[in-house]
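Here the structure is laid out as structure tokens; the discussion comes afterwards.
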Amino acid sequence: DKGEYRHFMLKEIHEQPRVIQATMEGRLTDSRVLEQSLGTEAGSLLAGIRHVQIIACGTSYHAGMVARYWIEELAGIPCSVEVASEYRYRHHVVQPDTLFLTISQSGETADTLAALRQAKEAGFRAALAVCNVPGSSLVRESDLVIMTQAGPEIGVASTKAFTTQLTALLIFTLALARHNGLDSEKEADIVRALREVPRQVDQVLSLDGRIESLSRAFMDKSHSLFLGRGAMFPVALEGALKLKEISYIHAEAYPAGELKHGPLALVDSEMPVVTVAPNNALMEKLKSNLEEVRARGGELFVFADGQSGLHEEDHVHVMSIPEVHPITAPIVYTVPLQLLSYHVAVLKGTDVDQPRNLAKSVTVE
Ligand code: M6R
């Protein structure tokens, strides 16, 4: 039931504060992660892990890409991420003490499942799944499971599944990091930041009207570019995926530093450029990338916080996002991009919940 909402996608976008909260429920105290809540064997499985191999598809793969930044930064453990359909068909080297981590909303994605089945023969230390569907094949076949609490997701375009995956992955990262020397003060700092996320997402949802106005600029465009740096690069990838799948506008995401290495050649007044820019250590570098776009007549749409020093000018639209902790920023900054693509699709009159050619669960290769 869509209730008061016009589409399931919009309903699911608005459910995020609640389902992110539900995904944290029982897994955190005020200052730490309760490792036991991830499973009684979680402690013994995580101790001694020296490497993490993440496998997923589509949106879930983007969640894995964000997790890599967290795992390497907080746990100090090398982490590789790959799409399942590539991983399963190539020769790969399994390093000792590697945790095999799959991420899937449905738990039935054919390539992800096949990769897991292969991994079980290949000498991984353990298989962990982050999944949204209890009793799914992925859940049944993994050693340890962290359930997201998104509830059923009906819209083909994944929204709440992604932000709850990120929430679960950050909780997992903190548990893993504690085995690898993360100090309790830093853990407490991030746990507090995580607890703020539902409220911050709620604040972003209240920008809906302004984002809807911005969306008009995309209606008659055929191409768009999404930029981000660091853990915001996968957020840009996810924003571009949302726009292409429901509005059918060609959208490409690039790490902002790659602009000069090719895509800048595409930028002109017909190319809207969307940037996710929390005020982190990479802000100054990002600003010069934005200048490169502006100088070529590109129309910029920047999602940034008030401290960024970015302001509205000709061809630069700045949408102010609440100040967030750099670690949790990928979760919060995903939401305005979901709203943007939703409104563009509604304006274009596409079938938002059932985009052409796509299925909710890809159970065949
Ligand atoms: O169920 P899964 O998370 O394994 O599905 C993987 C992809 O098919 C999925 O994330 C897809 O990319 C999204 N529905 C796109 O919005």
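Atoms within a ligand are numbered from 1 in the order they appear, just like the ligands themselves. This chain uses plain numbering: 1 for the first residue, then up along the sequence. The figures here come from the full heavy-atom set of this structure, side chains too, leaving out hydrogens, waters and symmetry mates.
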Donor + acceptor pair across side chains of Q165, S60 (<3.5 Å): yes
Exercise: do E82 and H92 side chains pair donor with acceptor under 3.5 Å: no
Side-chain heavy-atom pair P272, S224 within 4.5 angstrom cut-off: yes
Which donor-acceptor pairs under 3.5 Å do side chains of residues 248-262 form with protein atoms, sequence neighbours excluded?
| unit_1 | atom_1 | unit_2 | atom_2 | d |
| --- | --- | --- | --- | --- |
| Y248 | OH | R356 | N | 2.9 |
| H250 | ND1 | H223 | ND1 | 2.8 |
| K260 | NZ | E292 | OE2 | 2.6 |

side-chain hydrogen bond (donor to acceptor under 3.5 Å, both in side chains) between Q16 and T163, intermediate numbers included: CA-CA 7 Å; Q16 291 176 111; T163 50; 2.7 Å; yes
Report every pair formed by an N or O atom of ligand 1 and a protein N or O atom separated by less than 3.5 Å, giving atom names and the distance to 0.1 Å.
| unit_1 | atom_1 | unit_2 | atom_2 | d |
| --- | --- | --- | --- | --- |
| ligand 1 | 1 (O) | S104 | OG | 3.4 |
| ligand 1 | 1 (O) | Q105 | N | 3.4 |
| ligand 1 | 1 (O) | S106 | N | 2.8 |
| ligand 1 | 1 (O) | S106 | OG | 2.7 |
| ligand 1 | 1 (O) | T109 | OG1 | 3.4 |
| ligand 1 | 3 (O) | S60 | OG | 2.6 |
| ligand 1 | 3 (O) | Q105 | N | 2.7 |
| ligand 1 | 4 (O) | S104 | OG | 2.6 |
| ligand 1 | 4 (O) | T109 | OG1 | 2.5 |
| ligand 1 | 5 (O) | T109 | OG1 | 3.4 |
| ligand 1 | 10 (O) | T59 | N | 3.1 |
| ligand 1 | 12 (O) | T59 | N | 3.2 |
| ligand 1 | 14 (N) | V156 | O | 2.8 |
| ligand 1 | 16 (O) | T59 | OG1 | 3.3 |
| ligand 1 | 16 (O) | S158 | N | 2.9 |
| ligand 1 | 16 (O) | K242 | NZ | 3.1 |
| ligand 1 | 16 (O) | E245 | OE1 | 3.2 |
| ligand 1 | 16 (O) | E245 | OE2 | 2.6 |

Q338 backbone acceptor or donor facing S341 side chain under 3.5 Å: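 Checked: pair present.
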